[in-house]
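Read the structure below first, then the notes.
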Amino acid sequence: MNPFRNVGVRLSLALAAVVLGALAVVWIALVPTLERRLVNSKIAQLTQSARALEREAEAAGVDEDFVDYAAHASGARVVFLRPIAGGDQTTMLVNADSLHLGLSSDVVKDPLALRASTSGKLEKGRVNRDGTSYAEVAVPDKNGNILLFASSLRDTLANDNLVSTRLLWAGLIALAISLLVGFGASSAFARRIRRLEAAAERIAGGDFSEPVVDRHRDEVGQLARAFDRMRLQLAQLDDARRAFIANASHELRTPIFSLGGFLELLQHEDLDEETQREFLATMSEQVQRLSKLATDLLDLSRLDAGRMRLELEPVPLADAADDLSAEFAALAQQHGHPLEVVVERAGVAFADRERVVQIGRALIDNALVHTPRGTPVRIVVRGSELAVEDDGPGIPAEEAEQAFARFTRLSGSRASGTGLGLAIARELAELMGGELRLESRPGLTVFTVSLPAAVGEPEPAGVPA
């Protein structure tokens, strides 16, 4: 594996690059400036001493003794020079040298001394001579002679080199520490990321049992907590998917097995005509059950995929209630349920008429098959609300939300079914911009679908208690 693909290595190298960059900036900004300031300070100090001694030289004159005195007072080499013109080039004659070097040939062509003899004013600067750097000040007198002060910069530059060396070593030590600390910290950071990667792999593989834990409060910790919330949601979805498949399989298998059994009996048994009619009627009911289940599953798949198409238009709910009453009149009479339409306030909803009727069918069918025989059922219109009420035993409060769950039958249910009708009804109501709510107590259960009112229609005042 390429080590540079490792997050820890990359972060360490990035930190090292930052340290190196900072060290380079400090080096460039400090070292040349430090050397220049040290040299300038030395020249300034030497200039101050030279000006003071210049006044004494004018008063007492310059000789060997004065040169030695000036050297001692300034802490520098002092040379008294006299310019000699020769051809096109001026040279200097050494009259006195505090080092007593005889001819003192190293300074006879000193550039600052020559410049001072030409300009007639004090000259100062840095001079390199025989591989050594000097701070020099050349002071001319009124006769054109030059008093040259020269001080070696060896100690000054040595201090500068010492600072530079220590800065370099400090930078290298800081770089090494940054690499170690950066690699350790980034490795720990990378381990946390790898744990998240492993958790993602587990979740992708369908294993939702192990929680994703990272107790840090930084961005990675927040990401881990988001992963864990995702894990819980996926676990719930996976449980729902498994339950959906199991329930759908069961709901499909029961009528199919029933149909198969009746077909086998019809093929191999000598049955009288009345028994055959009973078998065919039962088989017809099972086919209707399969057809309803297939329709419900198709609607669910469309809702989940976001492919349910709606044709929104003004829908008079009183007309829809009358259509539902006519459609369920025979079934209500068969089950012994009085069925009536109550229009408390006529209204027009802006919805899909077919889906409104589908919701009404689910609510009426639920009331007819899950309440005792003889229980009155009412279809009530209140503005842009359509409600189905019954005087049955009611639904316990703790099971109210469960009534809208897919493939769910409440405890004590009086009839079998797919358990999809109310779930589809709620999702259809929400898809049309409305809601389906349940209010229930012993002796009264009300399912109310509230829909957006058509333009110009008043909003419903709510379901009275």
Side-chain angles (χ1 to χ4, degrees), residues 16-54 56-57 62 64-81 92 94-117 119 121-140 146-179:
V18 171
V19 173
L20 281 175
L23 180 60
V25 170
V26 171
W27 183 276
I28 294 171
L30 178 62
V31 172
T33 303
L34 178 62
E35 180 180 341
R36 185 168 57 253
R37 288 187 176 183
L38 289 174
V39 172
N40 290 341
S41 176
K42 185 72 172 178
I43 294 174
Q45 181 182 358
L46 193 59
T47 302
Q48 184 179 5
S49 300
R51 289 190 183 280
L53 290 167
E54 179 186 9
E56 295 185 29
V62 179
E64 290 280 353
D65 292 336
F66 182 82
V67 168
D68 291 338
Y69 163 73
H72 177 74
S74 63
R77 177 187 178 185
V78 179
V79 183
F80 184 57
L81 301 165
M92 309 296 291
V94 178
N95 287 345
D97 187 346
S98 62
L99 293 183
H100 305 289
L101 296 178
L103 294 177
S104 302
S105 59
D106 60 328
V107 295
V108 295
K109 292 185 178 182
D110 186 88
L112 286 179
L114 294 172
R115 193 187 310 161
S117 69
S119 66
K121 60 183 181 180
L122 182 145
E123 299 288 344
K124 59 184 177 179
R126 178 178 177 177
V127 175
N128 292 316
R129 187 166 54 246
D130 298 330
T132 303
S133 292
Y134 295 89
E136 287 190 353
V137 176
V139 182
I146 304 299
L147 195 60
L148 180 66
F149 295 81
S151 178
S152 175
L153 293 174
R154 182 182 294 110
D155 293 339
T156 300
L157 296 179
N159 290 333
D160 179 64
N161 291 333
L162 178 62
V163 172
S164 301
T165 302
R166 289 185 176 179
L167 178 62
L168 178 61
W169 279 108
L172 292 175
I173 292 172
L175 178 62
I177 293 175
S178 68
L179 282 172

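If you read the sequence from its start, that first residue is 1, and numbering goes on from there. Just so we're clear, the structure is a prediction, and the values are computed from it rather than from any experiment.
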Check the pair Ser152 / Thr132 against side-chain contact (heavy atoms from CB on, under 4.5 Å), numbers first and verdict last. CA-CA 7 Å; Ser152 175; Thr132 303; 3.9 Å; yes
Let me confirm one number: the CG-CG distance from Leu157 to Leu162, rounded to the nearest 0.5 Å. 12.5 Å
Which residues satisfy the side chain to side chain donor-acceptor pair (under 3.5 Å) test with Asn95, sequence neighbours excluded? none
Taking it one step at a time, do Leu122 and Val137 satisfy side-chain contact (heavy atoms from CB on, under 4.5 Å)? CA-CA 7 Å; Leu122 182 145; Val137 176; 3.8 Å; yes
Set out, in order, the CA-CA distance, both residues' side-chain angles and the distance that settles side-chain contact (heavy atoms from CB on, under 4.5 Å) for Val67 and Val79, then state yes or no. CA-CA 7 Å; Val67 168; Val79 183; over 6 Å; no
Can you list everything that forms a side chain to side chain contact (heavy atoms under 4.5 Å, CB included) with Asn40? Sequence neighbours excluded, please. Arg36
Could you go through residues 41-51 and list every donor-acceptor pair under 3.5 Å that involves a side-chain atom there, pairing it with any protein atom two or more places apart or in another chain?
unit_1: Lys42; atom_1: NZ; unit_2: Ser151; atom_2: OG; d: 3.3
unit_1: Thr47; atom_1: OG1; unit_2: Ile43; atom_2: O; d: 2.7
unit_1: Ser49; atom_1: OG; unit_2: Gln45; atom_2: O; d: 3.3

Under the rule for side chain to side chain contact (heavy atoms under 4.5 Å, CB included), what residues qualify as partners of Asp155, not counting sequence neighbours? none
With sequence neighbours left out, write down each residue that passes side chain to side chain donor-acceptor pair (under 3.5 Å) with Asp130, or none if nothing qualifies. none
Are Met92 and Leu148 close enough that some pair of their side-chain heavy atoms sits under 4.5 Å apart? no
Under the rule for salt bridge (charged side-chain N to carboxylate O under 4.0 Å, His left out), what residues qualify as partners of Arg129, not counting sequence neighbours? Asp106, Asp110, Glu136
In the structure I gave you, are the side-chain heavy atoms of Ile146 and Val139 within less than 4.5 Å of one another anywhere? no
Got Phe149 and Leu53 here, is their nearest side-chain heavy-atom distance under 4.5 Å? yes
Heavy-atom side-chain proximity of Tyr134 to Arg77 below 4.5 angstrom: no
Please identify each residue that fulfils side chain to side chain contact (heavy atoms under 4.5 Å, CB included) with Thr165, with sequence neighbours left out. Trp169
Return the set of residues passing salt bridge (charged side-chain N to carboxylate O under 4.0 Å, His left out) with Arg154 (not counting sequence neighbours), or none when no residue passes. none
Roughly how far, to the nearest 0.5 Å, is the OG atom of Ser117 from the CG atom of Leu81? 9.5 Å
Taken in chain and number order and not counting sequence neighbours, the residues that satisfy salt bridge (charged side-chain N to carboxylate O under 4.0 Å, His left out) with Glu123 are Arg115
How would you list, by chain and number, every residue that makes a side chain to side chain donor-acceptor pair (under 3.5 Å) with Glu35, sequence neighbours excluded? Arg126
Are a donor atom and an acceptor atom from the side chains of Ser98 and Asp68 found within less than 3.5 Å of each other? no
Atom CG in Leu172, atom CD1 in Ile177: separation rounded to 0.5 Å? 11.0 Å
